[in-house]
Amino acid sequence: MKVPALRIEVNGELVAVAGAPDLSMLSGQVAFAASGPNRVIDTASIMFNVMGLALSGPQPRQLTWANGLELKVGDRVTFEFVEVSDPTPPGKVLATPSSSELAREAAKQKKVGSQ
């Protein structure tokens with residue numbers, strides 16, 4: 001079975017083919033971040049993120065690829081939209097709280113805060 005995926009290359013080298021069955025969302029992003037005391041964009045802080053969200057099943061999950069990949073000025077990042085049978089396994093899979101779990105935790109925090 002083929003799944004939609006993002007084929008990711010950095011400077012012409014394959015990093016991952018990010019995808020998985022039953023994803024509800026797949027996103028790739030490169031961003032510059034502000035750092036230092038003046039809080040302006042700093043080219044030393046280039047963030048790279050590829051994330052999938054799987055909402056089906058008993059527990060929603062967040063899947064990530066290329067965790068901690070550092071980029072620098074001049075790097076070329078290429079995203080290609082593909083369909084594949086064998087995507088790269090994610091580097092991390094994190095359980096994502098459901099809306100009812102979030103509501104219970106918020107109620108618990110509110111109760112603790114009012115005491």
Side-chain angles (χ1 to χ4, degrees):
M1 171 183 162
K2 289 191 174 190
V3 297
L6 287 175
R7 186 177 195 282
I8 306 136
E9 292 182 2
V10 175
N11 300 323
E13 292 192 30
L14 181 64
V15 172
V17 179
D22 302 323
L23 285 181
S24 301
M25 189 267 307
L26 180 62
S27 169
Q29 176 182 358
V30 177
F32 293 96
S35 65
N38 57 6
R39 308 299 297 166
V40 297
I41 290 176
D42 181 357
T43 58
S45 299
I46 303 174
M47 296 180 289
F48 179 74
N49 182 351
V50 179
M51 192 266 297
L53 186 61
L55 297 176
S56 62
Q59 178 71 48
R61 300 168 322 284
Q62 178 181 330
L63 295 76
T64 61
W65 291 264
N67 301 318
L69 182 65
E70 293 183 20
L71 299 175
K72 61 187 179 312
V73 172
D75 283 347
R76 175 170 279 170
V77 178
T78 305
F79 292 105
E80 179 183 358
F81 306 103
V82 296
E83 288 185 311
V84 297
S85 299
D86 56 344
T88 305
K92 286 186 182 178
V93 178
L94 304 169
T96 302
S98 67
S99 58
S100 60
E101 289 171 322
L102 289 171
R104 278 195 301 273
E105 184 62 28
K108 188 187 315 180
Q109 293 299 322
K110 186 176 180 180
K111 185 176 181 179
V112 169
S114 65
Q115 293 179 352

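Remember, predicted model here, so these are calculated numbers, not experimental data.
- Residues passing the salt bridge (charged side-chain N to carboxylate O under 4.0 Å, His left out) test with Asp75 are Lys72, sequence neighbours excluded.
- Ala54 and Leu63 make their closest contact through CB-CD1, 4.1 Å (heavy atoms, listed as atom of the first residue, atom of the second, distance).
- At a threshold of 4.5 Å between non-hydrogen side-chain atoms, the residues Trp65 and Val15 do not count as touching.
- Here the CG-CZ distance, from Asn11 to Arg76, works out to 8.5 Å after rounding to the nearest 0.5 Å.
- When each of Leu26, Thr78, Val82, Val17 is checked for a side chain to side chain contact (heavy atoms under 4.5 Å, CB included) with Leu6, only Leu26 meets the rule.
- By the 4.5 Å heavy-atom criterion applied to side chains, Thr64 and Pro90 are not counted as neighbours.
- Linking ILVMFWY side-chain heavy atoms closer than 4.5 Å, directly or via other members, places Met47 and Val73 in two distinct hydrophobic clusters.
- Shown here for Val30 and Leu71, the closest heavy-atom pair between the two residues is CG1-CD1, 4.0 Å.
- Remark: Lys2 NZ to Asp86 CG distance equals 9.5 Å, nearest 0.5 Å.
- Here the CZ-CG distance, from Arg61 to Leu23, works out to 8.0 Å after rounding to the nearest 0.5 Å.
- A 6.0 Å sphere centred on CD of Gln109 holds more than 12 heavy atoms belonging to other residues, nucleotides or ligands.
- Under the rule for a salt bridge (charged side-chain N to carboxylate O under 4.0 Å, His left out), the partners of Glu105 that lie at least two apart in sequence or sit in another chain are Lys108.
- Of all heavy-atom pairs spanning Phe79 and Gln29, the tightest one is CZ-N, 3.9 Å.
- Here the closest non-hydrogen pair linking Gly19 and Ala5 is CA-CB, 4.1 Å.
- Not counting sequence neighbours, the partners of Arg7 by the salt bridge (charged side-chain N to carboxylate O under 4.0 Å, His left out) test are Glu9.
- A distance of 6.5 Å separates CG in Asn49 from OG in Ser27, rounded to the nearest 0.5 Å.
- Put simply, the side chain of Met25 reaches to within 4.5 Å of the side chain of Met51, judged on heavy atoms.
- Using a 4.5 Å heavy-atom threshold, the side chains of Phe48 and Ile46 count as separate.
- Hydrophobic clustering of Ile, Leu, Val, Met, Phe, Trp and Tyr side chains at less than 4.5 Å, counting indirect connections, unites Val93 with Ile8.
- A continuous path of hydrophobic side-chain contacts links Ile41 to Val77 [ILVMFWY only; heavy atoms under 4.5 Å].
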